[in-house]
Each structure stands twice: as structure tokens, then as C-alpha cells.
Amino acid sequence: MTTLVHGSDTLTRDALTVLQPGFVGTTAPDWLLRRIGEGLSSVGLFGRNIVTPEQLTALTAQLRAERDDVLVAIDEEGGDVTRLEVKQGSSFPGNYALGSVDDVELTRAVARELGRRLAQCGVDLNWAPSADVNSNAENPVIGVRSFGPDPDLVARHTVAYVDGLQGVGVAACTKHFPGHGDTNVDSHDALPRIDVDLATLHARELVPFRAAVAAGTKAVMSAHILLSALDPHRPATLSPQILTGLLRQELGFEGLIVTDGMEMQAVSATYGIERGSVLAIAAGADAICVGGGLCDEDTVLRLRDALVNAVRTGELPEERLADAAARVRALAAWTQAHRARGAGSVPGAAVQEGTAPGADIGLVAARRALRVTRGERPYTPVTGTPYVASFTPVANFAVGDETPWGIAAELERLLPGTETGSYDESSADSALADAGERRVVAVVRDLHRHPWMIRALDALLAARPDTVVVEMGLNEAEPRGALHIATHGAARVCGRAAAEAVVGTGA
């Protein structure tokens with residue numbers, strides 16, 4: 001392609017500085033290292049970049065060999081959204097589980113241990129926590145990623161999470177401002193809108209963000225959502241009224257404003273990633289997140305050149321780009337100072353369960369988050385080899401479909417010989433046939449959102465009343481089954497806690 005600029009002049013460096021791109025591979029490609037040398041200040045990591053803690057540590061060291069203050073960011077919420085353990089499932093329950101326990105010290109401890117593991121591997125910016133108030137139970141993208149539907153509960157746990165991460169030198173990025181909870185559309189697919197009045201927004205959506213700003217969150221991530229009461233024309237990521245007027249001026253936030261993924265359809269389908277990025281920086285954003293889908297050098301060059309050209313044509317004030325770049329560098333300096341003081345433990349150490357005091361805090365939290373409801377008949381724990389029937393909805397983009405979920409693996413550990421099958425919109429007949437005479441454990445996720453799942457489960461229960469039901473999503477449907485276990489999330493440790501309850505060791 002033909003680029004607009006060459007060399008390492010200030011404008012070009014500032015344009016590179018505000019980008020947070022991704023890449024493919026478990027080592028840094030040459031093009032990425034070259035751009036870091038030219039001014040790129042941040043890199044975003046995804047599940048495709050991570051195999052083991054040792055490999056991740058080597059990767060971040062490779063990046064910092066080019067530039068010791070480079071920000072290494074990750075989308076590691078714990079729970080259903082994990083990149084550190086994308087192939088195994090998370091060692092930490094997610095926000096919904098923590099909110100259901102409602103112990104802020106537990107939330108702080110979980111976030112601190114998660115942050116410690118990130119810091120050990122050289123990651124210093126976490127695109128978490130989600131501070132969305134999940135007021136809409138039909139929300140297809142937030143759900144268990146939220147601490148819950150109550151603004152004050154979400155606020156106090158958001159603060160605890162921010163404290164836990166930043167206490168070990170990992171910058172928190174509170175998201176998705178000004179609140180993605182009251183939507184029934186996934187912004188990965190289209191533009192959601194929230195049509196409530198300002199009073200409702202201030203009393204609900206904004207409460208956790210005010211608390212996070214007051215607690216000193218180092219970064220805030222914008223949402224690609226339209227809030228008609230604040231800006232009827234542009235999504236929050238592109239809105240000066242929301243990013244500058246509300247977040248900067250009214251809430252007093254002075255840290256880094258990061259966009260949600262710029263290739264998401266809520267922005268890219270209407271504006272394109274180049275114009276969307278220019279509008280976002282002009283509106284008050286400081287860093288452009290891109291790389292969940294578009295993760296090559298051409299994307300970086302396109303965005304760099306779009307920003308440079310926008311300054312040269314007068315569409316984007318040069319001082320606004322310079323200010324954005326300065327905020328990126330300020331956060332990089334903060335994280336670099338923490339690394340220099342040795343925050344987060346020894347680089348390169350293994351980060352598996354049991355490596356440090358409190359390392360099992362995720363399992364402790366998952367056990368505390370269980371809600372077990374017994375049926376009318378006395379419950380007999382499963383002791384034979386059960387059959388696990390998992391009724392599987394389509395995963396949203398943020399969660400992805402490569403991270404395992406359920407309880408079959410954990411039941412197999414406790415009851416060798418356990419078998420499992422996955423079912424979608426088919427009837428319960430297949431599950432019954434596959435189970436044979438074995439005791440059935442039915443695993444569901446957001447049962448209330450899927451009529452086909454309700455029909456299948458009810459048919460299964462009618463035929464086999466001794467079935468155990470494990471709900472691993474939002475616990476909105478009425479408990480059913482001989483034993484109903486709500487895990488409040490689908491992390492690996494949630495599955496382990498549920499399996500213990502099924503066999504009678506944890507209930």
C-alpha cells in the first residue's frame with residue numbers, strides 16, 4: 001500500500017502511540033517489533049497469542065527488548081472471558097459469581113491474584129473489570145460478565161476489583177462506559193441503543209463508573225452503544241458529549257480512555273475503522289483498540305495514516321492527538337515504575353494453581369458462589385458413572401467458542417467413566433438415548449433466554465425426575481430438577497465446585 005508519511009517525526013509517532021493492535025502468533029512478528037521501534041506504545045494480547053505462562057513471559061520480554069515501556073494489554077476478565085487459560089477455562093470465577101457472594105474483600109483478593117499472575121507474565125494493562133449494570137436479563141453479551149443488576153453492588157465490587165489489580169501494578173480498564181447492561185443487542189454484531197432518560201442513566205449506568213473514577217482506575221473503555229439522551233447521533237466511542245463532556249469534565253476522569261474493538265460492527269459497519277478511529281480520538285478517546293479480528297500490519301498502517309492525514313487536513317486537531325499520546329505514555333510510565341519496583345512477584349515464575357499463598361482463591365470463591373436448591377424428593381448424590389447432557393447456546397464473540405465449559409471434565413475426575421454429549425435445538429430424546437440407564441446431569445446456560453432449551457430440559461425431567469440441573473449462566477429461571485445448582489458462571493473452577501456438589505462433597 002502507499003503510505004502517507006515516512007520516518008519517525010512527532011506526528012507519526014503520536015499516531016502510532018495511540019494504537020493498541022493485536023497480532024497473530026505466539027512470538028512477536030518482525031513487523032510488530034519494527035513498529036514498536038517507530039513509536040507503537042501498546043500491544044493487545046488475545047487467546048491466540050498464549051499457550052503457557054512461560055511462553056507468555058517470553059513473548060512480553062521479546063516486546064520489551066524493543067521498548068521497555070511498551071504497554072502489554074489483555075482482555076482477562078476471569079470467568080467466562082479468559083485469555084490466560086483460553087484452552088482450559090479460568091481458575092477464577094467471573095463477576096456474576098463474585099457479585100452473588102457480595103463480599104468485597106473476596107472480590108479484591110480474586111482480582112489481586114489474577115493481577116499477580118498477569119504481572120508475573122509481563123502483562124500490565126487489563127481490559128477489565130466490566131462495570132456494566134446488567135439490568136436487562138435478555139442481554140446477549142454482558143450477562144455473567146456483570147457483577148449484577150444493582151448499581152450499588154456493581155459499584156462496590158468494581159472498586160474492589162480495580163484496587164486488587166492496581167495494587168499489584170496492573171492497570172485496570174473499567175468498561176464499557178457509559179454502560180452496556182441495558183441492551184438486547186451485541187455491539188460485536190450491530191449498534192445497540194439505550195433509550196432511557198438522563199435521570200435513569202445517572203441513577204443506574206453511571207453509578208459504578210463514578211465509583212471507579214473516584215477509586216483511581218487508570219483506564220476506562222468506551223462502549224459502542226447509542227444513548228439517545230446523551231447523544232442521539234453517535235455511539236459513545238465517537239461522541240464528544242460522552243467522552244469529553246461526561247467522562248472527562250463531569251466525572252473528572254484524567255486517565256486513559258480506550259475504545260472497545262474498532263472492528264466491531266457497531267462502529268465499523270457505519271464508519272469504517274479508519275474514520276471511526278479519527279472520530280474516536282477527536283471525541284476524546286486516547287487509545288484505539290483493534291486486533292480481535294483485524295490483526296495485521298496493514299491495519300496498523302491504515303489507522304496510523306488515517307490519523308496523520310486527519311491532522312494534516314484539519315479534521316483532527318494536532319494537540320488532541322498529542323494529548324492522547326501523552327496519556328498513553330503516562331500510563332506506560334506508571335506500569336514501568338511498578339515493574340521496576342518488582343510488583344507482582346518474580347517474572348518468569350510459573351502461574352498455575354497453588355504457586356503462592358492465596359493462589360486457590362478462585363476455587364474458594366467459586367465454592368462460595370454456588371446456590372444449591374434441592375427438589376421435593378430427598379436427593380441422592382451421584383455415585384455411579386453419570387451422563388452429562390450439555391445444552392449449548394451459541395457463544396457470544398467476547399466469550400468465544402474455544403474455551404471449554406461445563407462440569408463433565410470435573411465429574412470425570414471425581415467419577416471416572418463419566419461420559420458427556422452436547423445438544424443444541426434438538427429434543428431431549430437424543431440425550432435420553434445417549435444416557436441409557438445412567439444418571440443424568442443436565443448443564444444449561446442462560447436457560448431463561450432459550451425457549452428450545454427450556455423445552456428440552458422439561459422433557460428430560462419428565463422422563464428422568466432424578467436428573468441434576470446445573471445452571472452456568474444467569475440464574476433467572478425457576479430451579480428445577482432433583483438438585484438445582486447455580487454456579488453463576490462457566491469458569492473451570494465453577495464447574496469443579498458444581499461437580500463436588502453433584503457427588504455430595506460440596507453441597
Is the side chain of [X] donor-acceptor paired with the backbone N or O of [Y] at a distance under 3.5 Å, no angle test?
{"X": "Q166", "Y": "K218", "value": "yes"}
{"X": "R320", "Y": "I281", "value": "yes"}
{"X": "T217", "Y": "V213", "value": "no"}
{"X": "Q55", "Y": "T26", "value": "yes"}
{"X": "Q62", "Y": "A28", "value": "yes"}
{"X": "D132", "Y": "S146", "value": "no"}
{"X": "R304", "Y": "L40", "value": "no"}
{"X": "N95", "Y": "R145", "value": "yes"}
{"X": "E76", "Y": "L84", "value": "yes"}
{"X": "R108", "Y": "Y161", "value": "no"}

- Message: The test is side-chain contact (heavy atoms from CB on, under 4.5 Å); show your working for T57 and Q120 and say whether it passes.
- Response: CA-CA 7 Å; T57 303; Q120 279 186 327; 6.0 Å; no
- What do the steps show when you test L321 against L11 for side-chain contact (heavy atoms from CB on, under 4.5 Å), and what is the final call? CA-CA 8 Å; L321 180 61; L11 180 56; 3.6 Å; yes
- Task: Please work out whether the ring planes of H180 and H176 are parallel, tilted or perpendicular, with thresholds of 30° and 60°.
- Result: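 Correct class here is perpendicular.
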- Query: According to the interplanar angle, ranging from 0 to 90°, do the rings of W127 and F46 count as parallel (below 30°), tilted (30 to 60°) or perpendicular (above 60°)?
  - Reply: tilted
Compare all side-chain heavy atoms of [X] with those of [Y] and state whether any distance is below 4.5 angstrom.
{"X": "D124", "Y": "H338", "value": "no"}
{"X": "V267", "Y": "D260", "value": "no"}
{"X": "L474", "Y": "N134", "value": "yes"}
{"X": "P192", "Y": "L226", "value": "no"}
{"X": "T335", "Y": "L125", "value": "no"}
{"X": "R35", "Y": "P21", "value": "no"}
{"X": "R204", "Y": "V196", "value": "yes"}
{"X": "L246", "Y": "L206", "value": "yes"}

- Could you go step by step and tell me if D102 and R156 meet the salt bridge (Lys or Arg N to Asp or Glu O under 4.0 Å) rule? CA-CA 9 Å; D102 196 13; R156 60 179 172 266; 2.9 Å; yes
- For D30, does the CG atom sit with more than 12 other heavy atoms under 6.0 Å from it, leaving out its own atoms?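 Not buried by this count: 12 neighbours or fewer within 6.0 Å.
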- Pair S130-E77, side-chain hydrogen bond (donor to acceptor under 3.5 Å, both in side chains): steps then yes or no: CA-CA 8 Å; S130 167; E77 299 177 14; 5.8 Å; no
- Are R34 and E297 close enough, and set up right, to give a salt bridge (Lys or Arg N to Asp or Glu O under 4.0 Å), and what steps lead you there? CA-CA 10 Å; R34 186 167 61 252; E297 182 177 22; 3.0 Å; yes
- Just do the side-chain hydrogen bond (donor to acceptor under 3.5 Å, both in side chains) check on S41 and R13 with the steps written out, would you? CA-CA 9 Å; S41 296; R13 291 188 72 85; over 6 Å; no
- Item | R329 and D14 ion-paired at < 4.0 Å |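 Yes, R329 and D14 are salt-bridged.
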- Task: Could you please spell out the steps behind the side-chain contact (heavy atoms from CB on, under 4.5 Å) verdict for D150 and V133?
- Result: CA-CA 7 Å; D150 177 72; V133 178; over 6 Å; no
- Message: So, using ring-ring contact (aromatic ring centres under 6.0 Å, His included) as the criterion, who are the partners of F147 when residues are at least two apart?
- Response: H157
- For Y96, which residues count as a ring-ring contact (aromatic ring centres under 6.0 Å, His included) partner, sequence neighbours excluded? H488
- Going through the distances and angles, do T392 and R445 end up as a side-chain hydrogen bond (donor to acceptor under 3.5 Å, both in side chains)? CA-CA 7 Å; T392 307; R445 199 168 179 173; over 6 Å; no
- Report the C-alpha distance between E250 and R210 in whole Å, list the side-chain angles of each, state the deciding distance to 0.1 Å, and finish with yes or no for side-chain contact (heavy atoms from CB on, under 4.5 Å). CA-CA 10 Å; E250 185 173 341; R210 287 185 184 274; 3.1 Å; yes
- Item | Minimum heavy-atom distance between R48 and C295, given as atom pair plus value |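 Heavy-atom minimum between the residues: NH2-CB, 3.3 Å.
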Could you give the distance from [atom1] ([X]) to [atom2] ([Y]), rounded to the nearest 0.5 Å?
{"X": "F23", "Y": "T299", "atom1": "CZ", "atom2": "OG1", "result": "14.0 Å"}
{"X": "L307", "Y": "R302", "atom1": "CG", "atom2": "CZ", "result": "12.5 Å"}
{"X": "I194", "Y": "I225", "atom1": "CD1", "atom2": "CD1", "result": "4.0 Å"}

